[in-house]
**Student:** 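Got a structure for you, questions after.
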Amino acid sequence: MKSGLGREARFDRYFEGYQKRVVLDRNGEEQIKYVYVLDYYRPQLTEKSFIVRKIINIVLFLISAAAQVYSGLMPNIIMNHVQYMGFAQCLGILAMILIVVYICTHAAAPYTMEIRTYKGAHEKFRIASLISAIILAAIFITGIITLIIFKSFNFMSFVWAFMYLIAAACLFVIWFLEQKTGYDRVPPDSVF
């Protein structure tokens, strides 16, 4: 049984859609060349709209990250000193790290993508944004419960909790936008 983490499995994932071909170079010597043979993927958006979507996703991510950091660093908020809230906030940081990996993949993706790029820039990005949104929504709910337990019903405590709601909502919007974006399959011979 092959492990998904082994060298061959990683090689197969990286070169998914490629076939090994033997070609002759200028000197008549045989060389091995990998040629992409599967369909390409193109979003059902114009190229400009695709660029705008990337910018929107980056801005939403930055708002989400800023809201989470602001809330976590607010002084004189008792909820920031509760141990389980610290654990929840660490999960939020891990969620941000997860999403930043795929937001970079999405931002770097070309308009017409090979299957490996499509999976990272759309499918995995969509899943990562949903998981991150759920984690931040759970932090928001944990924050509300903590707010009630400590009876901290002042304005700054509500702002503190609202920041986590904003962070989760931004990531949910990213997920929603990616979820509703369709992709066309383009045969390899029509790309060039």
Side-chain angles (χ1 to χ4, degrees), residues 1-66 68-69 90-136 167-168 170-192:
M1 186 168 98
K2 282 170 67 170
S3 167
L5 299 175
R7 183 173 168 229
E8 273 186 58
R10 287 191 319 263
F11 182 84
D12 290 343
R13 270 195 311 270
Y14 187 79
F15 286 105
E16 182 178 4
Y18 283 84
Q19 279 184 350
K20 189 188 295 188
R21 301 234 171 114
V22 177
V23 294
L24 297 175
D25 66 4
R26 289 184 189 174
N27 300 330
E29 294 179 22
E30 290 184 352
Q31 287 187 334
I32 296 175
K33 186 175 185 179
Y34 287 91
V35 179
Y36 186 75
V37 295
L38 293 182
D39 288 343
Y40 288 87
Y41 293 83
R42 187 177 291 155
Q44 294 173 344
L45 301 166
T46 64
E47 206 161 346
K48 280 186 178 180
S49 297
F50 186 57
I51 292 169
V52 169
R53 172 69 60 80
K54 289 178 183 185
I55 293 168
I56 289 170
N57 287 339
I58 290 169
V59 168
L60 286 170
F61 166 74
L62 292 174
I63 292 170
S64 179
Q68 184 180 359
V69 168
C90 286
L91 286 177
I93 292 168
L94 290 175
M96 287 293 135
I97 292 169
L98 173 69
I99 195 79
V100 79
V101 168
Y102 291 109
I103 203 139
C104 290
T105 303
H106 180 72
Y111 183 62
T112 303
M113 303 172 223
E114 295 175 357
I115 190 166
R116 182 178 55 87
T117 306
Y118 164 76
K119 285 181 177 179
H122 175 66
E123 291 179 355
K124 291 178 182 177
F125 177 50
R126 184 174 44 87
I127 292 167
S129 59
L130 179 61
I131 290 169
S132 298
I134 290 169
I135 289 170
L136 287 173
C170 288
L171 295 182
F172 181 75
V173 170
I174 290 173
W175 170 79
F176 180 75
L177 291 173
E178 281 304 307
Q179 182 72 18
K180 75 173 198 158
T181 302
Y183 280 76
D184 294 324
R185 293 175 77 144
V186 181
D189 54 349
S190 65
V191 173
F192 300 104

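Just so you know, these numbers come straight off a predicted model, no measurement behind them. Any value given below was found using the heavy atoms of this structure, including those in side chains, with hydrogens, waters and symmetry copies removed.
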**Student:** Can you give each donor-acceptor pair under 3.5 Å made by side-chain atoms of residues 170-181, sequence neighbours left out, with the distance rounded to 0.1 Å?
**Tutor:**
from : atom 1 : to   : atom 2 : distance (Å)
E178 : OE1    : H122 : ND1    : 2.8
Q179 : OE1    : R126 : NH1    : 3.3
T181 : OG1    : R53  : NH1    : 2.4
T181 : OG1    : L177 : O      : 2.7

**Student:** Would you indicate whether I32, at its atom CD1, is surrounded by more than 12 heavy atoms from other residues, nucleotides or ligands within a distance under 6.0 Å?
**Tutor:** no
**Student:** Can you name the residues that form a side chain to side chain contact (heavy atoms under 4.5 Å, CB included) with I131, not counting sequence neighbours?
**Tutor:** L98, I127, I135
**Student:** A side-chain contact here means heavy atoms from C-beta on lying under 4.5 Å apart; do D39 and V186 qualify?
**Tutor:** no
**Student:** For F61 and I99: C-alpha separation, side-chain torsions, deciding distance, then whether side-chain contact (heavy atoms from CB on, under 4.5 Å) applies.
**Tutor:** CA-CA 8 Å; F61 166 74; I99 195 79; 3.2 Å; yes
**Student:** Counting N and O atoms only, with roles assigned by atom type, does the side chain of Y36 sit under 3.5 Å from a partner on the main chain of E16, one being a donor and the other an acceptor?
**Tutor:** no
**Student:** For L24 and G28, work out which heavy atoms get closest and say how close.
**Tutor:** CD2-O, 3.5 Å
**Student:** Would you check, one step at a time, whether the test side-chain contact (heavy atoms from CB on, under 4.5 Å) holds for E123 with Y118?
**Tutor:** CA-CA 7 Å; E123 291 179 355; Y118 164 76; 3.1 Å; yes
**Student:** Could you work out, with ring pair (Phe, Tyr, Trp, His ring centres under 6.0 Å) as the rule, every residue matching F125, not counting sequence neighbours?
**Tutor:** H106
**Student:** Working to the nearest 0.5 angstrom, can you tell me the gap between Q68 CD and I63 CD1?
**Tutor:** 14.0 Å
**Student:** Give a yes-or-no answer on whether the side chains of E114 and Y41 include a donor-acceptor pair shorter than 3.5 Å.
**Tutor:** no
**Student:** Does the side chain of R42 come within less than 4.5 Å of Y183's, by heavy atoms?
**Tutor:** no
**Student:** Please list, chain by chain and in numerical order, all residues satisfying salt bridge (Lys or Arg N to Asp or Glu O under 4.0 Å) with K54, sequence neighbours excluded.
**Tutor:** none
**Student:** Between Y111 and L45 (side chain of the first, backbone of the second, donor and acceptor by atom type, cut-off under 3.5 Å), is there such a pair?
**Tutor:** yes
**Student:** Please collect all side-chain hydrogen bond (donor to acceptor under 3.5 Å, both in side chains) contacts where either partner lies in residues 19-31, sequence neighbours excluded, each pair once.
**Tutor:** Q19-R21
**Student:** List the residues meeting side chain to side chain contact (heavy atoms under 4.5 Å, CB included) with V101, not counting sequence neighbours, and say none if there are none.
**Tutor:** none
**Student:** Restricting to non-hydrogen atoms, name the atom on G17 and the atom on L38 that form the minimum distance, rounded to 0.1 Å.
**Tutor:** CA-CD1, 3.3 Å
**Student:** What verdict does the side-chain contact (heavy atoms from CB on, under 4.5 Å) test give for M96 and S132, after you've listed the backbone C-alpha separation in whole Å, the side-chain angles of each residue and the deciding distance to 0.1 Å?
**Tutor:** CA-CA 7 Å; M96 287 293 135; S132 298; 5.7 Å; no
**Student:** Using a 4.5 Å cut-off on heavy atoms from C-beta on, say whether the side chain of P188 contacts that of V37.
**Tutor:** no
**Student:** Please identify each residue that fulfils side chain to side chain donor-acceptor pair (under 3.5 Å) with Q44, with sequence neighbours left out.
**Tutor:** D184
